[in-house]
Amino acid sequence: MLQTESKGEEPAKSLNNQQSCTPDIHAVLREMNATLAGLKYEIRDLQRENEGKTKVAFSTSLLASGSGYTGPFDNQTTLVFRHVFTNIGNAYNPNSGFFSAPVRGVYHFEIHIYGYGHETHPSGAHLVKNGQNVVLAYENQPSGAMKSSNSVTLLLEVGDVVFVRLHHNSKIFDNENHHSTFSGHLVFTM
């Protein structure tokens with residue numbers, strides 16, 4: 001008889017335990033739903049933030065005003081392109097001349113260098129990535145106007161720096177016509 005009573009009590013105890021757990025499960029589910037809703041808003045905010053970072057383009061010329069030569073110098077010298085036509089994403093710094101990649105991706109850069117011929121001073125500049133020369137725009141003739149250009153597409157990591165360095169013993173010219181320029185843009189993210 002004792003066995004029968006204990007068997008009869010077990011289902012009642014089990015049913016009571018299930019009923020007391022049910023509100024706990026519902027509370028956990030409500031908490032999980034609230035957490036998921038919060039994560040959805042965080043993801044949306046991060047997507048919006050990254051959208052702004054993926055719009056990157058700049059175009060500059062050497063002189064902000066006036067006209068004149070830069071160079072020649074005995075060593076390669078960083079050029080600071082001060083006249084900013086556009087700087088979407090603010091990745092180009094007109095105070096330092098450096099472009100810093102805000103996102104990992106493929107970027108395209110162009111340099112255009114202008115000068116007047118000289119017997120001993122060519123016009124040339126290197127496009128530089130993280131301190132290493134990548135491409136050179138260079139022209140050397142004894143007289144007349146000259147313009148050289150070069151471009152390159154590079155895979156950059158976040159924080160990689162691209163800038164232009166005047167080739168040693170070179171000089172370049174710029175004025176209100178903005179002959180000497182440095183431009184770049186993000187092609188796509190990786």
Side-chain angles (χ1 to χ4, degrees), residues 42-43 45-116 118 121-140 146-190:
E42 280 186 50
I43 290 169
D45 291 344
L46 286 171
Q47 286 172 331
R48 285 182 182 164
E49 183 179 320
N50 284 335
E51 283 175 7
K53 289 182 180 177
T54 58
K55 295 177 181 172
V56 180
F58 74 98
S59 185
T60 63
S61 70
L62 191 58
L63 297 181
S65 63
S67 65
Y69 283 97
T70 301
F73 303 108
D74 291 336
N75 298 315
Q76 293 184 20
T77 304
T78 299
L79 293 172
V80 179
F81 290 78
R82 297 205 183 272
H83 181 82
V84 177
F85 297 106
T86 188
N87 194 8
I88 298 166
N90 292 316
Y92 176 76
N93 183 334
N95 296 313
S96 66
F98 292 166
F99 169 85
S100 297
V103 295
R104 183 176 193 268
V106 174
Y107 295 81
H108 183 78
F109 298 95
E110 296 180 10
I111 53 175
H112 300 275
I113 305 303
Y114 183 79
Y116 291 103
H118 191 276
H121 300 298
S123 293
H126 297 268
L127 187 123
V128 180
K129 174 188 170 189
N130 295 332
Q132 299 297 311
N133 293 343
V134 179
V135 295
L136 171 67
Y138 184 86
E139 190 74 41
N140 188 9
M146 56 187 159
K147 187 163 192 168
S148 61
S149 302
N150 213 333
S151 65
V152 67
T153 300
L154 300 170
L155 172 61
L156 299 181
E157 301 296 330
V158 173
D160 279 351
V161 176
V162 176
F163 60 98
V164 179
R165 240 183 334 218
L166 187 66
H167 188 68
H168 71 280
N169 200 38
S170 289
K171 63 181 187 172
I172 62 175
F173 182 82
D174 200 23
N175 63 17
E176 65 278 353
N177 293 317
H178 309 292
H179 296 285
S180 296
T181 61
F182 173 38
S183 303
H185 65 274
L186 175 65
V187 179
F188 54 85
T189 59
M190 295 285 292

Closer than 3.5 angstrom, by distance alone: can the side chain of [X] be matched with the main-chain N or O of [Y] as a donor-acceptor pair?
X	Y	value
K147	H179	yes
D174	L63	yes
Y92	F81	yes
H168	D74	no

Measuring from [X]:[atom1] to [Y]:[atom2], what's the distance to the nearest 0.5 Å?
X	Y	atom1	atom2	value
R165	Q76	CZ	CD	5.0 Å
I111	S148	CD1	OG	7.5 Å
H167	T77	NE2	OG1	11.5 Å
E139	S123	CD	OG	8.0 Å
D160	N130	CG	CG	4.0 Å
H121	F73	NE2	CZ	11.5 Å

On a heavy-atom basis, the closest approach of L186 and V106 is CD1-O, 3.5 Å
Smallest heavy-atom separation, I113 atom then A137 atom, equals CG1-CB, 4.1 Å
Which class fits the ring pair Y114 and F173: parallel under 30°, tilted 30 to 60°, perpendicular over 60°?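 Judged by the thresholds at 30° and 60°, the geometry between Y114 and F173 is tilted.
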Margin query: Students often mix this up, so state it plainly: with edges at 30° and 60°, are the rings of F58 and F182 parallel, tilted or perpendicular?
Written below: perpendicular
Using the side chain to side chain contact (heavy atoms under 4.5 Å, CB included) rule, take T78 and V164 through it: C-alpha gap first, then chi angles, then the decisive distance, then the call. CA-CA 6 Å; T78 299; V164 179; over 6 Å; no
Do you know which of R82, E176, H83 makes side-chain contact (heavy atoms from CB on, under 4.5 Å) with S61?
->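 Of the listed residues R82, E176, H83, the side-chain contact (heavy atoms from CB on, under 4.5 Å) partner of S61 is H83.
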Validation row: S149, E110 side chains within 4.5 angstrom (heavy atoms):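 No. Closest side-chain heavy atoms not under 4.5 Å.
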Under a 3.5 Å cutoff, is there a donor and acceptor pairing between the side chains of T181 and H112?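 No, no side-chain donor-acceptor contact under 3.5 Å.
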